[in-house]
Amino acid sequence: QVQLVESGGGLVQAGGSLRLSCAASGRTFSNYAMGWFRQAPGKEREFVAAISWSGGSTYYADSVKGRFTISRDNAKNTVYLQMNSLKPEDTAVYYCAAKIGPLAGRSATDYNYWGQGTQVTISS
């Protein structure tokens with residue numbers, strides 16, 4: 001079992017930045033690929049970014065490519081999502097997820113454990 005706790009959400013103006021963190025506990029963090037997903041009101045949960053268990057491979061949704069950066073620190077059992085040039089359409093609850101195995105995935109069904117989410121609101 002892996003427990004995931006997200007933090008770092010908040011309210012910022014368009015063009016601003018936020019850094020989300022996801023702290024993991026319970027199992028060896030480096031055994032898991034990690035992902036970030038988001039869900040806006042009235043919409044389905046969507047893939048944002050993912051990283052392999054070594055951190056050597058990263059993947060992004062087209063909508064965030066060039067603006068968001070996913071990274072991880074296996075010594076701190078933490079994965080990060082640096083979000084720059086934020087837009088109102090980035091407003092959503094952001095979820096951290098862990099997937100057993102080395103390879104990251106883009107589908108929510110690939111992931112085994114989920115955090116409770118953190119709200120990100122971008123004002124125009």
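All residue numbers refer to positions in the sequence shown, counting from 1.
A ring-centre distance under 6.0 Å is not found for F68 and W36.
For K43, the salt bridge (Lys or Arg N to Asp or Glu O under 4.0 Å) test picks out no residue, with sequence neighbours left out. Here Q82 pairs with S17, R19, T69, N84 under the side-chain contact (heavy atoms from CB on, under 4.5 Å) rule; sequence neighbours left out.
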Worksheet entry | Worked check of side-chain hydrogen bond (donor to acceptor under 3.5 Å, both in side chains) between S107 and T109 | CA-CA 5 Å; S107 172; T109 58; 2.7 Å; yes

Worksheet item: Between Q119 and T121, does a side-chain hydrogen bond (donor to acceptor under 3.5 Å, both in side chains) hold up when you go through it step by step?
Response: CA-CA 6 Å; Q119 177 70 47; T121 304; 3.3 Å; yes

Fill in: salt bridge (charged side-chain N to carboxylate O under 4.0 Å, His left out) between K65 and D62, intermediate numbers included
CA-CA 5 Å; K65 200 172 294 183; D62 288 343; 3.2 Å; yes

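Here the options are W114, Y95, Y94, the test is ring-ring contact (aromatic ring centres under 6.0 Å, His included), and the partner is F37; only W114 passes.
Nearest heavy atom pair, residue Y111 against residue G35, reads CE2-N, 3.6 Å. Scanning all heavy atoms of the two residues, the minimum distance from S124 to P88 falls at CB-CG, 3.8 Å.
At a threshold of 4.5 Å between non-hydrogen side-chain atoms, the residues I100 and N31 do not count as touching. With a 4.5 Å cut-off on side-chain heavy atoms, V120 and M83 count as touching.
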Side chains of residues 4-13: which donor-acceptor partners sit under 3.5 Å, not counting sequence neighbours?
residue, atom, partner, partner atom, Å
E6, OE1, Q116, N, 3.0
E6, OE1, Q116, NE2, 3.4
E6, OE1, G117, N, 2.9
E6, OE2, C96, N, 2.8
E6, OE2, G117, N, 3.3

